Colleague: 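After the structure tokens below, expect a handful of questions from me.
Because the structure is predicted, anything quoted here is derived from the model rather than measured. Side chains included, hydrogens not; waters and symmetry mates left out as well; all remaining heavy atoms used.
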Amino acid sequence: MHDLVIFDCDGVLVDSEVLSNQVMVDNLGGYGLNLTLAECMSLFVGGTMSGVRDKARAMGADLPDDWTDQIYSDIYTRLRAGTPLVAGIPELLAQLDAHGIPYCVASNGRPEKMQITLGQNGLWERFSEVMFSAHTLGTGKPDPALFLTAAQHFNAKSPVVIEDSENGVTAAIRANMRCLAYSAHDDGARLSALGAEVISDMSRVPALLGLSDRET
């Protein structure tokens, strides 16, 4: 039985990836890099924004020195306008609460971004004290340090990670942790190939964690 559930934030708790990546598509188009939404998500989901900047420059985007601050501002404005929870997350968290299984967030995103998205959905209070960010730790996925730090904090012996990106799955596998990969936008073949168990519906998670048949 797992004694900790480690959630990624964007695309796992909150349905923010499409919103954020559309902002990046529009922004990068103004700097000479024209991408479709699908291409942008394939290239950048799960990375750090400095990594996005470097990759976009390598692809020909003429980005200014303050681009990272600029794109964060644009994304935050869009997310404040409304960021829904991923379907099934409230029910999953209720199940974990009922069974006394702790959970946390480990994300490459900035804490202030998570405060925007989780705050408008009533989850900030649940996660604000158990939030592990690459911007705080100083290293991000695919480095497993985020997940290992979270597990150490909870003294967890059998954590499970819920992710949606190649970097996140890679980090989980490197940390020797079971990984459930939520794939709502494609068949998840790339995530499966990395060693994750692919799901397309969060309602499947309780059964996969062995919770469905347990007494609450």
Colleague: With a 4.5 Å heavy-atom cut-off, do P102 and D3 have their side chains touching?
Modeller: no
Colleague: State, to 0.1 Å, how close M114 and C9 come at their nearest heavy-atom pair, and which atoms those are.
Modeller: CG-SG, 3.6 Å
Colleague: If Ile, Leu, Val, Met, Phe, Trp and Tyr residues are connected whenever their side-chain heavy atoms lie under 4.5 Å apart, and connections chain through other members, are L93 and I101 in the same group?
Modeller: yes
Colleague: Hey, is the main chain of G188 close enough, under 3.5 Å, to the side chain of S192 for a donor-acceptor pair?
Modeller: no
Colleague: Side-chain heavy atoms under 4.5 angstrom apart, residues restricted to Ile, Leu, Val, Met, Phe, Trp, Tyr: same cluster for V14 and W124?
Modeller: yes
Colleague: Closest heavy-atom contact between K141 and G168?
Modeller: CD-CA, 3.7 Å
Colleague: Is a side-chain donor or acceptor of T77 paired with a backbone partner of S73 at a separation under 3.5 angstrom?
Modeller: yes
Colleague: Pick one: which of L19, D10, L118 meets side chain to side chain contact (heavy atoms under 4.5 Å, CB included) with T83?
Modeller: L19
Colleague: Looking only at non-hydrogen atoms, find the nearest pair between D143 and R174 and report the distance.
Modeller: N-NH1, 4.3 Å
Colleague: Would you say the side chains of S203 and D201 form a donor-acceptor pair under 3.5 Å?
Modeller: yes
Colleague: What's the spacing between D186 CG and S200 OG if we round to 0.5 Å?
Modeller: 10.5 Å
Colleague: Before we go on, tell me: are the rings of Y103 and F127 under 6.0 Å apart, centre to centre?
Modeller: yes
Colleague: Going through the checks in order, is the side-chain contact (heavy atoms from CB on, under 4.5 Å) test met by R53 and R57?
Modeller: CA-CA 6 Å; R53 177 199 62 209; R57 281 176 170 167; 3.7 Å; yes
Colleague: Do the side chains of F147 and P159 get nearer than 4.5 Å, heavy atoms only?
Modeller: no
Colleague: Counting only heavy atoms not in D65, do more than 12 fall under 6.0 Å of its CG?
Modeller: no
Colleague: Looking at every heavy atom in both G11 and D164, which two are closest together, and how far apart are they?
Modeller: CA-OD2, 3.5 Å
Colleague: Can I116 be reached from M131 by stepping across I, L, V, M, F, W or Y side chains whose heavy atoms are under 4.5 Å apart?
Modeller: no
Colleague: Taking side chain as C-beta onward, heavy atoms only, is L63 less than 4.5 Å from I71?
Modeller: no
Colleague: Between Q70 and D74, is any side-chain donor less than 3.5 angstrom from a side-chain acceptor?
Modeller: no
Colleague: What's the separation between atom CZ in R110 and atom OG1 in T136, rounded to the nearest 0.5 Å?
Modeller: 11.0 Å
Colleague: Would you say that Q95 contacts L209 through its side chain, given a criterion of any heavy-atom pair below 4.5 Å between the two side chains?
Modeller: no
Colleague: A side-chain contact here means heavy atoms from C-beta on lying under 4.5 Å apart; do F7 and L123 qualify?
Modeller: no
Colleague: Given side-chain contact (heavy atoms from CB on, under 4.5 Å), test E112 with H135 step by step and report yes or no.
Modeller: CA-CA 10 Å; E112 53 263 40; H135 290 264; over 6 Å; no
Colleague: Measure the spacing between OH of Y76 and OG1 of T117 and express it to the nearest 0.5 Å.
Modeller: 9.5 Å
Colleague: Apply the test side-chain contact (heavy atoms from CB on, under 4.5 Å) to residues H153 and C104: give CA-CA distance (whole Å), side-chain angles for both, the deciding distance (0.1 Å), then the verdict.
Modeller: CA-CA 10 Å; H153 175 85; C104 64; over 6 Å; no
Colleague: Please answer whether the main-chain N or O of E17 pairs with a side-chain N or O of N21 as donor and acceptor at a distance below 3.5 Å.
Modeller: yes
Colleague: What are the two closest heavy atoms between L146 and A134, and how far apart are they?
Modeller: CD2-N, 3.8 Å
Colleague: Can L211 be reached from L13 by stepping across I, L, V, M, F, W or Y side chains whose heavy atoms are under 4.5 Å apart?
Modeller: yes
Colleague: Would you mind checking if D97 and R126 are paired as a salt bridge, meaning a charged N to carboxylate O distance below 4.0 Å?
Modeller: yes
Colleague: Okay, side chain of Q120, backbone of L79: is any donor-acceptor separation there less than 3.5 Å?
Modeller: yes
Colleague: Please name the pair of heavy atoms, one in S133 and one in G109, separated by the smallest distance, quoted to 0.1 Å.
Modeller: OG-O, 2.7 Å
Colleague: Does I162 reach the side chain of L92, with side-chain heavy atoms less than 4.5 Å apart?
Modeller: yes
Colleague: Check whether more than 12 heavy atoms from other residues, nucleotides or ligands sit under 6.0 Å from atom CG of D62, and answer yes or no.
Modeller: no
Colleague: With no hydrogens and no angle check, do the side chains of N108 and T48 hold a donor and an acceptor under 3.5 Å apart?
Modeller: no
Colleague: Do L33 and E39 come close enough that some side-chain heavy atom pair is under 4.5 Å?
Modeller: no
Colleague: As a quick check of understanding, evaluate side-chain contact (heavy atoms from CB on, under 4.5 Å) for M202 and V12, giving each step before the final call.
Modeller: CA-CA 9 Å; M202 285 293 177; V12 171; 3.9 Å; yes
Colleague: Any donor-acceptor pair under 3.5 Å linking the side chain of K113 with the backbone of Y72?
Modeller: no
Colleague: In Å and rounded to the nearest 0.5 Å, what is the CG to CG distance from L43 to L35?
Modeller: 6.0 Å
Colleague: Can you get from L191 to M41 by hopping between Ile, Leu, Val, Met, Phe, Trp and Tyr side chains that sit under 4.5 Å apart?
Modeller: no
Colleague: Y182 versus D8: any side-chain heavy-atom pair under 4.5 Å?
Modeller: no
